[in-house]
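See structure below.
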Amino acid sequence: MPEYLPTAPYRGTRDFLPPEMSVRTQVFGKLYEVIERYGFLRYDGPILESAEIYEAKSGEEIANQQLYTLTDRGGRRLALRPEMTPSVARMIAGNAGSLQFPVRWYSHPNCHRYERPQRGRVREHWQINVDIFGSTSASCEIEIFELIHDMLGGLGASEDMFVVRANDRNLLSSALTDVVGVTQEQLPEVFALVDRWEKYEREKLAASAEEIGLSGNQFDKLGDVLAAGTALLDELPAHVKDGSNLVKVLGSSAAGLIRFDPMIVRGLAYYTSTVFEVFDTSPENNRALFGGGAYSDLASLFTPQQIPGIGFGMGDVTLMDFLQTHGLLPQPRSEVDAVVIPVVEELGDAARQVAATLRRAGIRTSVPLEYRKLGKELGRADKAGARAVVIVGQEDWDAGNVTVRSLVTREQRQVTVDAAPTTVTELLTD
RNA sequence: GUGGGUGUAGCUCAGUCGGUAGAGCACCUGGUUGUGGUCCAGGGGGCCGCGGGUUCAAGUCCCGUCACUCACCCCA
């Protein structure tokens, strides 16, 4: 008995069969269109990168536990990219001399992380990355927030289906040190505590706070700060607020695009000021849909030139969950619009000639690759999603005619060969 | 890495007290030599995840293992 290899894809990766691929193509095609409407240009890069570029900035978890690494034949340590930001930082740094900043770039790479798969998380995901490099203006934040709303809106989402929660790490730092009295040394740990504030029960949070060295009083004050919303801003020093792009956004006509939320922190180490996460408002998807933030000096690994930026990554897994939950997934496209069927095997050549005229008219057309009886082919054409067939029979063909039949209404018409494309088009546009 | 759930036909699943492997859908053929979706008749398909144990006998009970899945950790 021979041993066969498994047909299932590698754990945490997915095959995209044509129906699913069709849905994805439509969804992402729409997103590309919206993004490009803002003037963003698409780029791409290698899936393999030097492992070093992830070890400094991506955060310990990704580098130590989630990175797929390998050594090439020359002994170089490589990694499958777990995210796109270090790659694009490398590209920007390497080409900074010839770019006119600020630049708007986007990409749609597949990224790999070695993790345990579950809802909203796999080992290979496709992530749309959108970034603006070379500007620290608050207009960048505003444009990114507008774009997020337009992207989700373009997919059919209404404003009540999602919320953009935004924070500024500098505002939070100030609140923690100036209002709660957290020391500089405690700050990273308190950030981590804030990050899980919503997930843990109060006792668990209190225990963590005590471990960090916060008093009971400070812990209560921390809770007040995180729940304060925009009222928190009144308690912060003027120079901190003056330096915050997010405060500028909140004072602009774009304020309605976001909800200020001191609880948003995000794990990635390179964010330095604005951070945001987009949440599905339906309870089934409690995880953040996607998120991003601003960084003051992303390319420091590659160049002394300081290049700031802001951007976000939108993963396909959580996005598809969101669209499915809200009934926003498009239908897969049919295989073809029309099928040309020869009634007898000898008319196969004639059928191909007719099909060629339909294709020249832009009609997606197939001809059966193996001869079958007409009745069978009509059924197969219908199943393939064709809405029209062209029947090529001996008597018709001898007279220069074919029969065009609608698979929807069952009407059929005898027309000349030359008139077939127009007749099919009429049926398809009805 | 930790914990729970589930593995039977291509898909969804049933399988009682351990006693020869089932249904629906899908697929193929015929009824119908140039007209499909309905209907009728027939047919192909199974290492019951894998390995071991108990038993006269295991899809069923026990142990192990792998896979899938959900949650934790973390993150898109």
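Order of the sequence lines sets the chain letters (A, B, ...), proteins ahead of strands, with each chain counted from 1. Everything numeric here is computed off the predicted structure, so don't read it as measured data.
Atom name P, nucleotides rA14(B) and rU60(B): the rounded distance is 16 Å, in whole Å.
The separation between E201(A) atom CD and rC72(B) atom P is 12 Å, rounded to whole Å. What separates CD of E377(A) from C1' of rG36(B) is a distance of 11 Å, to the nearest Å. Rounded to an integer number of Å, the gap from R380(A) CZ to rU35(B) P is 18 Å. Atom CG in D382(A) sits roughly 12 Å away from atom C1' in rU35(B) (whole-Å rounding). In this structure, the OH atom of Y54(A) is 16 Å from the C1' atom of rC75(B), given to the nearest Å. The interatomic distance linking I341(A) (CD1) with rG36(B) (C1') rounds to 9 Å, in whole Å. The distance from atom CD of E115(A) to atom C1' of rC72(B) is 13 Å, rounded to the nearest whole Å. Atom P of nucleotide rA76(B) and atom OH of Y106(A) are separated by 21 Å, given to the nearest angstrom.
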Could you write out each protein N or O paired with an N or O of nucleotides 38-44 of chain B at a distance under 3.5 Å?
none

Atom pairs under 3.5 Å: protein N/O with N/O of nucleotides 67-70 of chain B:
from    : atom 1 : to      : atom 2 : distance (Å)
rC68(B) : OP2    : R11(A)  : NH1    : 2.2
rC70(B) : OP2    : R119(A) : N      : 3.4

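Taking the six-membered ring where the residue is Trp, the centroids of F145(A) and F276(A) are separated by under 6.0 Å. Between W105(A) and Y38(A), a ring centre-to-centre spacing not shorter than 6.0 Å is recorded. The distance between the ring centers of F312(A) and F290(A) falls below 6.0 angstrom.
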> So what does the secondary structure string of RNA chain B come out as, 5' to 3', with Watson-Crick or wobble pairs under 3.5 angstrom, [ ] for crossing and | for pairs with another strand?
Replying inline: (((((((..((((.....[..)))).(((((.......))))).....(((((..]....))))))))))))....
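Closest-nucleotide positions on RNA chain B for D316(A) and A386(A) were compared, and the one nearer the 5' end corresponds to A386(A). Residues G315(A) and Y371(A) each lie close to RNA chain B; by heavy-atom proximity, the contact nearer the 5' end of the strand is made by Y371(A).
Counting any heavy atom pair closer than 4.0 Å across all strands shown, D195(A) reaches sugar-phosphate atoms only and no base atom.
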>> With side-chain contact (heavy atoms from CB on, under 4.5 Å) as the criterion, how do V190(A) and I212(A) come out once you've worked through the C-alpha distance, each side chain's angles and the decisive distance to 0.1 Å?
In response: CA-CA 8 Å; V190(A) 178; I212(A) 297 169; 4.0 Å; yes
>> side-chain contact (heavy atoms from CB on, under 4.5 Å) for L41(A) and Y106(A)? Distances and angles first, verdict last.
In response: CA-CA 6 Å; L41(A) 301 173; Y106(A) 83 101; 5.8 Å; no
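Under the rule for a side-chain contact (heavy atoms from CB on, under 4.5 Å), the partners of T177(A) that lie at least two apart in sequence or sit in another chain are Q184(A), L187(A). With sequence neighbours excluded, no residue forms a salt bridge (Lys or Arg N to Asp or Glu O under 4.0 Å) with R196(A). Not counting sequence neighbours, the partners of Y114(A) by the ring-ring contact (aromatic ring centres under 6.0 Å, His included) test are Y68(A). Applying the salt bridge (Lys or Arg N to Asp or Glu O under 4.0 Å) test to R364(A) and every residue at least two apart in sequence or in another chain returns D337(A). When the salt bridge (Lys or Arg N to Asp or Glu O under 4.0 Å) test is applied to E277(A), the partners found at least two apart in sequence or on another chain are R266(A). Shown here are the salt bridge (Lys or Arg N to Asp or Glu O under 4.0 Å) partners of R202(A), two or more places apart in sequence or in another chain: D220(A).
Looking at E159(A) and H149(A), their side chains come closer than 4.5 Å, going by heavy atoms from C-beta outward.
Contact of R121(A) with rC74(B) (side chain to base): a donor-acceptor pair of N or O atoms is detected under 3.5 Å. With hydrogens and angles left out, the side chain of E124(A) and the base of rA76(B) share no donor-acceptor pair within 3.5 Å. Side-chain atoms of Q412(A) and base atoms of rU35(B) include a donor and an acceptor less than 3.5 Å apart.
Residues from residues 24-34 of chain A placing a heavy atom under 4.0 Å of any atom in RNA chain B do not occur. For RNA chain B, the residues of residues 388-409 of chain A within the heavy-atom distance limit of 4.0 Å (strictly under) are I391(A), G393(A), Q394(A), E395(A), D396(A), T403(A), R405(A), S406(A), L407(A), sorted by number.
Considering only side-chain N and O atoms, Y114(A) lies nowhere under 4.0 angstrom from the phosphate OP1 or OP2 of rC75(B). Neither OP1 nor OP2 of rG34(B) sits under 4.0 Å from any side-chain N or O of K376(A).
Judged by the 6.0 Å distance and 45° axis criteria, R165(A) is positioned over the aromatic ring of F279(A).
Proximity of a side-chain donor or acceptor of D316(A) to a complementary backbone N or O of H125(A) within less than 3.5 Å is not detected.
Between P330(A) and the choices T25(A), V27(A), L323(A), L155(A), the side-chain contact (heavy atoms from CB on, under 4.5 Å) rule is met once, by V27(A).
Evaluation of the salt bridge (Lys or Arg N to Asp or Glu O under 4.0 Å) test over residues 36-49 of chain A, restricted to residues two or more places apart or in two chains, returns E33(A)-R37(A), E49(A)-R90(A).
The number of heavy-atom neighbours closer than 6.0 Å to CZ of R372(A), taken from other residues, nucleotides and ligands shown, is above 12.
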